[in-house]
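To start, the structure under review is shown below, and the notes come after it.
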Amino acid sequence: MPTAAQPLRVVLAEDSVLLREGLIGLLSRFGHQVAAAVGDAEGLHAAVAAHDPDVVVTDVRMPPGFQDEGLRAAVALRAERPGLPVLVLSQYVQRSYAADLLDTGDGTGVGYLLKDRVGQVEEFVAALERVAAGGTVVDPEVVRQLLRRHRDPLQALTPREREVLGLVAEGHSNAKIARRLVVTEAAVGKHIGNILAKLDLPPAEDTHRRVLAVLAYLQA
């Protein structure tokens, strides 16, 4: 599977010509190749079959109904190709969309981001590369909305632990979280241990399993 240091072959599905062309240019700047760029779900299926990409980027709402055609196409593609990494972009937070996507396959190589994140260019590309490498990435706003459903259990967490929990759910490593918060990795590890204990989640050795544990709890 490609790593961040290797160029990715991307199939892009976005009905907005302006955003589609912008994403093509953005990904090219970072050395990645857009093998195909389409404007509807039918085209997405055909492009994936034709190009066997390293990762798919798709909008949720696409022609003809502008409902959840892109999401349903992503879920279907993941069912047909369980190892296919998919990053879904959405204009608004839809918790059910995020849950449907995260339930596909074994939860690896999947991401759900708001379109606003595309403007944060380096973070967006880093998220795409994490998904392509088998990671799980969830938009911070989705995490915040999911957290509201579990307000009582989370009252046991300190403000710092809540902050760390959000970063874990976004798929960041201990080292990245430590740099973000300007603390040591040991401090981050201690916070994560406290979080898992307070939420009664099993300990996990790697970032991906931590993310899945947290998301499983938030979706319950």
Side-chain angles (χ1 to χ4, degrees), residues 1-37 53-60 70 74 84-94 97-98 101-102 107-146 160 162-185 187-189 191-192 206-208 210-212 214-215:
M1 187 173 291
T3 67
Q6 296 174 311
L8 298 171
R9 295 178 66 257
V10 182
V11 162
L12 171 63
E14 167 58 57
D15 64 282
S16 166
V17 175
L18 185 61
L19 181 55
R20 189 165 69 231
E21 292 301 316
L23 284 169
I24 292 171
L26 187 158
L27 293 172
S28 297
R29 276 175 47 203
F30 283 80
H32 301 310
Q33 175 194 358
V34 177
D54 299 317
V55 60
V56 168
V57 179
T58 181
D59 190 5
V60 167
L84 177 66
V86 173
L87 176 60
V88 168
L89 302 178
S90 179
Q91 189 69 46
Y92 309 102
V93 174
Q94 292 282 352
Y97 289 171
L101 184 67
L102 293 164
T108 63
V110 65
Y112 182 95
L113 293 179
L114 294 182
K115 287 186 176 180
D116 289 349
R117 306 298 168 194
V118 175
Q120 301 168 15
V121 174
E122 292 187 357
E123 290 192 13
F124 169 73
V125 173
L128 176 66
E129 291 170 349
R130 283 202 299 275
V131 168
T136 305
V137 176
V138 181
D139 194 277
E141 185 57 33
V142 176
V143 173
R144 278 192 287 273
Q145 292 210 18
L146 290 172
R160 176 63 91 181
R162 286 170 179 260
E163 190 174 13
V164 171
L165 174 60
L167 292 170
V168 168
E170 290 175 48
H172 295 301
S173 66
N174 283 16
K176 181 67 176 292
I177 295 172
R179 289 195 296 272
R180 279 280 195 95
L181 302 182
V182 196
V183 297
T184 65
E185 285 190 51
V188 172
H191 285 312
I192 291 172
D206 59 66
T207 301
H208 172 67
R210 291 201 319 254
V211 172
L212 291 183
V214 170
L215 292 175

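It should be emphasised that the depicted structure is a prediction, and the values quoted were computed from it without experimental measurement.
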Subject >> Spatial distance of atom CZ (R162) from atom CZ (R160) [nearest 0.5 Å] >> reply: 14.5 Å

Original post:
L113 and A127: which non-hydrogen atoms are nearest, and at how many Å?
Top reply: CD1-CB, 3.9 Å

**OP:** Going by the side-chain contact (heavy atoms from CB on, under 4.5 Å) test, name the single residue among V168, N174, L167 that passes it with V188.
**Re:** N174

**OP:** Taking the side chain as every heavy atom from C-beta outward, state whether V121 and F30 have any pair of such atoms under 4.5 Å apart.
**Re:** yes

Original post:
Would a distance-only check, ignoring hydrogens and angles, find a side-chain to backbone donor-acceptor pair under 3.5 Å from D139 to Y112?
Top reply: no

Kindly list each side-chain donor-acceptor pair under 3.5 angstrom involving residues 10-27, sequence neighbours excluded, with atom names and distances?
unit_1	atom_1	unit_2	atom_2	d
E14	OE1	K115	NZ	3.2
E14	OE2	S16	N	2.9
S16	OG	L19	N	3.3
R20	NH1	E14	O	2.6

Original post:
At what distance, to the nearest 0.5 angstrom, does NE2 of H172 lie from CD of E123?
Top reply: 6.5 Å

Original post:
At what distance, to the nearest 0.5 angstrom, does CG of L89 lie from CG of L114?
Top reply: 9.0 Å

**OP:** Heavy atoms only: give me the nearest P7-D54 pair and the separation to one decimal.
**Re:** O-OD2, 4.1 Å

Original post:
Is the closest side-chain heavy-atom distance between I177 and H191 below 4.5 Å?
Top reply: no

Subject >> Shortest non-hydrogen contact between A35 and R9, atoms and distance >> reply: CB-NH2, 3.9 Å

Subject >> Gap between atom OG1 of T136 and atom CZ of R130 - 0.5 Å precision >> reply: 10.0 Å

Original post:
Where is the tightest heavy-atom contact between P85 and V131, given as atom of each residue plus distance?
Top reply: CB-O, 3.5 Å

Original post:
If you measure from CD on Q6 to NE2 on H32, what distance do you get to the nearest 0.5 Å?
Top reply: 10.5 Å

